[in-house]
Amino acid sequence: MSHAENPRGAERSARRPRQLFRNLNAKFASLPMILTALVVFVGGTAWTVAHSFTKSRLLPKWDFVGFDQYERLWNSNRWMISVENLMIYGVCSLVLTMVLGFTLAALLDRKIRFESAFRTIFLYPFALSFIVTGLAWQWILNPDFGLQGVVRGWGWESFTFDPLNNPDIVIFGVLIAGLWQGTGFVMVIMLAGLRGIDEDIWKASRVDGIGVAKTYVRVIIPMMRPVFVTALVIIASGIIKLYDLVVAQTNGGPGISSEVPAKYVINYMFQAQNLGQGFAASTMMLLSVIIVLVPWAYLEFGGKKRG
């Protein structure tokens, strides 16, 4: 069917050129940002990936060695420990932060007394940097004058809680500090979502005799799907770039038992002076982000277009 036979199609085609030249001032104003994104982010990423196939040491050089850097990377015990720690920290942090954040938000949403004070207390740790948080929890978990020392001073001589000096559970000591800092922020996001729920829904559930817990599970949580997605993306971005919290608390120790990928990259690029290996590790971190984001973006946006 031609455009003459289909007036709506012809009208749409005529609108497109006009829409292209609308708001030219705004489009010209956004050009510096677009160029910055293309040159700095896209260009820098491509440059990093390309140099990951070289044997660059102190300075980058175009001396290609194929996949040698990646082979060395995945044969490195330090890298494998880093990936394992990130997976443990990531899964536990995602689940616990979402559960604790939503639970605290649901409790505050019940119109309790001193809500503003509790909200401030729970959110305050997020205002601190990871360095401050790491140093604070390094002191709290210190076996001599931290939690273990205090409890033993009360008379419980056999009490033991020293995760930062135990290679088997040190990543969980880091996790405790991460949860303490991030849960309050997720709570605020969830609370904002809960406050956007129409009060008539709660009234209807009470009229129908539906319990509070079932209302949350069957009605409220599905309605808050965009809020959960937002919180999930924020938490995931923090997990991938986990670095300063580990440096402040353990510096990768005991030994290399609390190493994480970001620390591996920094150490090889600026301490071991092996840019090629650092670029290869950072490329693998980028690939892990893409593997997670592409299916999510396809399901989130592709499904809407098909609908």
Side-chain angles (χ1 to χ4, degrees), residues 33-94 130-131 171 174-175 178 182 229 232-253 255-302:
M33 182 189 66
I34 295 172
L35 291 176
T36 301
L38 289 175
V39 175
V40 176
F41 296 107
V42 179
T45 300
W47 187 87
T48 299
V49 173
H51 276 84
S52 69
F53 296 99
T54 69
K55 60 177 183 180
S56 301
R57 300 290 296 184
L58 178 60
L59 295 173
K61 57 181 179 180
W62 296 103
D63 190 359
F64 287 95
V65 292
F67 289 92
D68 287 0
Q69 296 287 6
Y70 292 93
E71 184 178 353
R72 180 185 172 191
L73 179 70
W74 287 103
N75 287 328
S76 169
N77 183 51
R78 184 177 181 180
W79 173 254
M80 297 306 295
I81 291 174
S82 300
V83 173
E84 181 182 354
N85 284 336
L86 189 66
M87 291 178 63
I88 294 172
Y89 180 92
V91 172
C92 294
S93 181
L94 277 174
F130 274 117
I131 295 295
I171 193 63
V174 177
L175 176 66
V229 171
L232 189 66
V233 171
I234 293 173
I235 297 169
S237 65
I239 290 170
I240 295 296
K241 61 184 182 182
L242 176 66
Y243 170 73
D244 36 9
L245 186 63
V246 173
V247 171
Q249 272 192 281
T250 65
N251 199 28
I256 59 173
S257 56
S258 61
E259 288 283 332
V260 289
K263 188 174 182 298
Y264 184 97
V265 171
I266 296 296
N267 286 350
Y268 268 89
M269 290 182 66
F270 300 105
Q271 294 181 12
Q273 297 179 353
N274 190 339
L275 290 179
Q277 185 67 188
F279 289 151
S282 61
T283 301
M284 295 310 303
M285 292 177 64
L286 174 65
L287 183 62
S288 66
V289 173
I290 293 174
I291 291 173
V292 172
L293 288 183
V294 168
W296 168 79
Y298 177 77
L299 293 174
E300 185 71 14
F301 301 108

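Bear in mind that the values here come from a model prediction, so they are computed numbers and not experimental data. Scope of the values below: all heavy atoms of this structure, side chains included, with no hydrogens, waters or symmetry mates.
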Measuring from atom [atom1] of [X] to atom [atom2] of [Y], what distance do you get when rounded to the nearest 0.5 angstrom?
X	Y	atom1	atom2	value
Leu86	Glu259	CG	CD	12.0 Å
Ile131	Tyr243	CD1	OH	8.0 Å
Ser76	Glu71	OG	CD	12.5 Å
Tyr268	Gln69	OH	CD	10.0 Å
Gln277	Ser56	CD	OG	12.0 Å
Gln249	Asp244	CD	CG	11.0 Å

Can you check whether [X] reaches [Y] side chain to side chain, under 4.5 Å on heavy atoms?
X	Y	answer
Trp79	Arg72	no
Tyr89	Asn85	no
Ser288	Ile240	yes
His51	Trp62	yes
Val83	Met284	no

Closest non-hydrogen atom pair, [X] against [Y]:
X	Y	answer
Cys92	Leu175	CB-CD2, 3.5 Å
Gly252	Val246	N-CG1, 3.8 Å
Thr54	Ala50	CG2-O, 3.9 Å
Ser282	Thr48	OG-CG2, 3.5 Å
Met269	Gly278	CG-CA, 3.7 Å
Ile239	Leu94	CD1-CG, 3.8 Å

Show the numbers, then the answer: is there a side chain to side chain contact (heavy atoms under 4.5 Å, CB included) between Ser257 and Ile81? CA-CA 7 Å; Ser257 56; Ile81 291 174; 5.5 Å; no

Determine whether a donor-acceptor pair (N or O, by modelled atom type, separation under 3.5 Å) exists between the side chain of Ser258 and the backbone of Gly253. yes

Phe67, CZ atom: more than 12 neighbouring heavy atoms under 6.0 Å: no

Verdict with reasoning, Thr283 to Tyr70, per side chain to side chain contact (heavy atoms under 4.5 Å, CB included): CA-CA 10 Å; Thr283 301; Tyr70 292 93; 3.3 Å; yes

So Lys263 and Asn251, side chain to side chain contact (heavy atoms under 4.5 Å, CB included) or not? Walk me through it. CA-CA 9 Å; Lys263 188 174 182 298; Asn251 199 28; 3.6 Å; yes

Test side chain to side chain contact (heavy atoms under 4.5 Å, CB included) on Ile256 and Asn77; report intermediate values, then the result. CA-CA 9 Å; Ile256 59 173; Asn77 183 51; 4.0 Å; yes

